[in-house]
Amino acid sequence: MITQCLLAALVATATPVAARPDAGFWRRAMSFTNGTTPCGLSDSAPTVKAPKANPWSSISPADAKAVYEFVHAPETGLNLTASENATLTDNYVWFIDTLNTNKSQILPYIDGNEAAPPKYARVVIFEGGKAEPVSQEYMVGPLPFSSDTTIQKYDFAFNGGKGGQVPYNGRYFDGKRSAAVQPLLKAVMTEVADITVALFDGAYLGSADKGTNLTAASTTPTSRDGETAYLTFMFRYPGLASYMTPIDLFVLLDITGTDASKYALKGYVTNERFFATASELRAAFDAGELTSEFPQTRDQTWALLDHKPETGVRDLEDRLAPQSIEIGGKRYKVDVEQQYVEYMGWSFYMAFTRTLGLQFYDIKFKGDRVLYELTLQEAAAQYAGFQPKAAGTVHPDAICIFEADDGFPLARHRSGSGNAYGFANIASVKSTTLHARTVATVGNYDYLFDYAFHLDGSLDITARASGYLQSSPYYKSQARFGSRISQGTQGSFHDHVLTYKADFDVAGASNSLEVTELVVVNQTQPWYPELGSFEQMEYRTSNMATEAQFNWAANGQTMYCVVNNNATNAWGEKRGYRLVPGRSNVHLSIRDSPFTRKSSSFLKSHLAVTQQHDTEVYANSWQNVNLAEAPQHDFLKFFDGESVDDTDLVVWFNLGMHHFTRAEDVPVTLYTEAVSSISFAPHNFNDRAQEGDLLNRRWIVPDADGVLAYDDYGVTLPTCQIELDEPATKIEPWVTI
Ligand SMILES: *[C@@H]1O[C@H](CO)[C@@H](O)[C@H](O)[C@H]1NC(C)=O
Ligand SMILES: *[C@@H]1O[C@H](CO)[C@@H](O)[C@H](O)[C@H]1NC(C)=O
Ligand SMILES: *[C@@H]1O[C@H](CO)[C@@H](O)[C@H](O)[C@H]1NC(C)=O
Ligand SMILES: *[C@@H]1O[C@H](CO)[C@@H](O)[C@H](O)[C@H]1NC(C)=O
Ligand SMILES: *[C@@H]1O[C@H](CO)[C@@H](O)[C@H](O)[C@H]1NC(C)=O
Ligand SMILES: *[C@@H]1O[C@H](CO)[C@@H](O)[C@H](O)[C@H]1NC(C)=O
Ligand SMILES: *[C@@H]1O[C@H](CO)[C@@H](O)[C@H](O)[C@H]1NC(C)=O
Ligand SMILES: [Cu+2]
């Protein structure tokens with residue numbers, strides 16, 4: 001699941017023990033049954049008690065169940081049908097999640113003496129049984145469930161005009177809608193089965209028919225405004241690498257409304273031609289106008305992520321690769337129950353919801369808050385060519401925490417000119433990082449999200465994607481849409497953009513976004529009269545005045561820094577955290593597409609800053625995807641001229657990549673190249689670099705004879721032996737939530 005953790009587990013030679021019953025979401029990998037491990041290796045982190053019970057934690061399974069039963073009670077008047085038995089024309093629960101708690105209610109709790117605010121459940125109900133069928137969000141609370149618990153519409157977090165309501169035609173395309181479309185899809189494909197067999201040696205006779213040997217996949221979006229709904233099916237050869245073996249056949253259906261008997265064929269597409277009816281398609285087929293330029297192959301072995309013996313093995317690759325081993329024992333502490341972590345001056349809470357996945361709250365460095373919230377908001381992809389696709393919000397499966405060597409020193413200096421032998425003093429400090437990681441499989445990609453907490457107080461946020469390309473049948477005429485990657489397949493060129501929310505509270509909630517522009521000016525210097533006026537650089541600093549979407553400057557000549565106007569370091573400089581661009585900082589290329597026109601404004605700039613409001617919780621709504629022209633939630637409306645100077649502000653940023661597809665995306669896209677990152681780095685937040693209190697360092701002094709004396713500050717390599725001949729029988733992430 002998670003390589004780093006998984007391989008670390010491989011080297012422990014111990015008897016696996018069962019998951020601790022008291023471990024909650026956390027599971028243990030392995031240890032000796034007597035609790036010790038070889039070489040000081042430890043399977044579990046030292047414990048710590050979180051300063052406060054985690055107010056962002058998920059609602060309990062018991063509360064979720066109580067909420068489910070509550071909404072089904074006749075007294076609520078919701079007229080619900082049990083989800084398992086519901087159809088399009090019923091009202092049923094789509095999901096129950098933990099509702100985001102208002103920041104204004106949490107701060108008095110975590111920073112003061114107020115009681116923890118009550119928790120609420122977020123309930124989405126698909127109301128197909130209403131005269132005007134809709135989807136509606138509700139909030140149910142307070143929880144734990146009691147006689148005070150009520151249900152209200154959850155409208156305030158959505159600004160599109162209809163609150164938490166979405167018209168039926170724009171609502172998420174779930175399994176029940178898919179089932180309702182199945183008879184029509186079966187009919188229109190059966191009608192042309194002889195043609196598809198002739199052209200592609202495949203037929204789609206319905207999902208349950210044994211004669212079916214094509215896979216149908218529907219694309220997103222399925223509506224643009226919620227007024228009408230449509231569906232585009234693409235077809236592929238089935239198998240483990242189905243994404244890589246598309247055939248040149250698409251079916252477009254009109255699926256407006258809840259009455260499936262009114263659904264209709266819009267047409268077929270093949271050979272870059274549109275046919276409104278089966279008979280038009282047949283006429284072209286009979287006239288011999290339909291061909292397969294580069295026939296697709298049913299053999300998918302080329303697209304499997306598997307060792308290929310025919311390519312041989314690289315020299316010494318039969319040896320185990322280097323591993324990260326925490327020889328001194330784990331150096332971070334956890335409060336398992338409260339999902340709270342402390343590491344080398346850092347502290348933070350974690351939380352998890354169905355809609356937003358892994359979230360970080362109250363991130364502090366050496367006791368001072370840096371971020372109130374750090375959350376992923378959306379992972380989207382937009383394709384070139386015929387096939388627009390957008391991923392929904394991600395659902396990470398597991399969190400893994402580990403510390404790793406950075407492979408370079410945090411700091412190093414060789415000082416002095418050296419003795420007779422040329423040896424000088426050398427000081428060097430080890431660099432390590434705590435990683436919190438999660439992998440989320442969304443459709444064709446496995447996204448790897450990494451949050452790296454460094455010893456110097458900087459924090460890197462990295463997203464990687466590996467997986468099958470969303471590919472197309474290859475045509476010479478479509479070379480401008482991506483590389484040909486096999487006999488009959490083209491990798492469709494596309495954009496990935498992932499939106500994050502970073503609610504900075506640098507040493508307090510009231511912050512400013514300082515903009516430091518590096519400018520080149522002509523100046524004279526009196527002591528160089530002969531040079532006249534010449535170019536010099538200086539910088540000009542101002543605070544951004546009002547809410548804005550903005551981009552990284554060309555040549556990195558602008559520094560953006562979240563500062564606290566009222567908190568200074570020992571030198572009188574404003575304490576701040578700088579936004580440092582990392583790899584592949586892109587925004588969505590297409591700014592005016594009918595598929596993302598008003599629903600995805602947050603994807604269209606590198607960065608944005610807004611004033612914090614309890615009502616402006618999300619960049620996006622998970623249901624915006626089918627509402628490009630009439631979004632449920634419109635990020636652009638956040639930008640209403642409010643001040644972001646000396647106030648509680650939120651930074652929104654995008655990671656992503658322009659995915660220029662290539663042969664090396666086969667079998668799967670590689671994490672080495674499909675990667676994007678950003679860093680937040682202390683900027684006058686401290687009085688000096690954060691290394692003086694670290695002991696994992698060396699001070700090396702040569703004497704006159706050239707003998708080197710090492711000061712290791714008492715932190716030494718233990719002498720021990722690790723046996724590698726008894727691999728663990730049970731492979732699990734080191735620590736999992
Ligand atoms: C724990 O078990 C291991 C393996 O059986 C053994 O080597 C070690 O000495 C034991 N430790 C203690 C403290 O009993
Ligand atoms: C679903 O329908 C079946 C068959 O009518 C019925 O036996 C079952 O109780 C229903 N489930 C619920 C939760 O109502
Ligand atoms: C309750 O929902 C059903 C569909 O499940 C619908 O047929 C019925 O009209 C609804 N009743 C009321 C009172 O709205
Ligand atoms: C959270 O804040 C919103 C906006 O101010 C408010 O409408 C809502 O009632 C608050 N939620 C709770 C649970 O108090
Ligand atoms: C696919 O199914 C069709 C119809 O059932 C059949 O004619 C065709 O031979 C099948 N092709 C393969 C490769 O199995
Ligand atoms: C500096 O002056 C030179 C000569 O007039 C001019 O070419 C150049 O563009 C000036 N540079 C800036 C940054 O104004
Ligand atoms: C910051 O300092 C200024 C000037 O002293 C003051 O007007 C402002 O209210 C302070 N802001 C906060 C949030 O304390
Ligand atoms: Cu991609």
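Along the sequence shown, residues carry numbers from 1. Counting convention: from 1, in listed order, for ligands and their atoms alike.
- One distance of note links CZ of Phe200 with CD of Gln296; it measures 10.5 Å at 0.5 Å rounding.
- Here the CD1 atom belonging to Ile125 is positioned 5.0 Å from the CG atom belonging to Leu80, to the nearest 0.5 angstrom.
- Not less than 6.0 angstrom separates the ring centroid of Tyr268 from the ring centroid of Phe275.
- Numbered from 1 in the order shown, with element, the atoms of ligand 2 that lie under 4.0 Å from a heavy atom of Ala82 read 12 (C), 13 (C), 14 (O).
- The side-chain heavy atoms of Tyr204 and Thr196, taken from C-beta on, include no pair separated by under 4.5 Å.
- Interface atoms of ligand 3 facing Asp90, defined by a heavy-atom separation under 4.0 Å, are 4 (C), 5 (O).
- Distance check for atom 7 (O) of ligand 3: every protein heavy atom is found at 4.0 Å or beyond.
- Remark: minimum distance from atom 13 (C) of ligand 3 to any protein heavy atom is reached at Asn79 ND2, 4.4 Å.
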Subject >> Pair Tyr154-Val124, side chain to side chain contact (heavy atoms under 4.5 Å, CB included): steps then yes or no >> reply: CA-CA 9 Å; Tyr154 181 39; Val124 177; over 6 Å; no
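- Close contacts between ligand 3 and Thr89 involve ligand atoms 4 (C), 5 (O) [criterion: under 4.0 Å to a heavy atom].
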**OP:** Go through the steps to decide whether Asp446 and Val439 satisfy the test side chain to side chain contact (heavy atoms under 4.5 Å, CB included), and finish with yes or no.
**Re:** CA-CA 6 Å; Asp446 287 18; Val439 175; 4.2 Å; yes
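- Evaluation of the ring-ring contact (aromatic ring centres under 6.0 Å, His included) rule for Tyr68 yields His72 as partners, not counting sequence neighbours.
- Protein heavy atom at the shortest distance from atom 9 (O) of ligand 5 is Asp201 OD1, 3.5 Å.
- Near Arg298, the atoms of ligand 5 lying under 4.0 angstrom from a non-hydrogen atom of the residue are 13 (C).
- Listed by number with element, the atoms of ligand 5 under 4.0 Å from a non-hydrogen atom of Ala203 are 4 (C).
- Aromatic ring pairs are classed by plane angle as parallel below 30°, tilted from 30° to 60° and perpendicular above 60°; the pair Trp622 and Tyr172 is tilted.
- Of the candidates Val197, Asn213, Thr196, Asn213 brings a heavy atom nearest to atom 11 (N) of ligand 5.
- Less than 4.0 angstrom separates some heavy atom of Thr81 from each of these atoms of ligand 3: 5 (O).
- For atom 2 (O) of ligand 2, the nearest protein heavy atom (residue, atom name, distance) is Asn85 ND2, 2.2 Å.
- Numbered from 1 in the order shown, with element, the atoms of ligand 5 that lie under 4.0 Å from a heavy atom of Gly211 read 2 (O), 4 (C), 5 (O).
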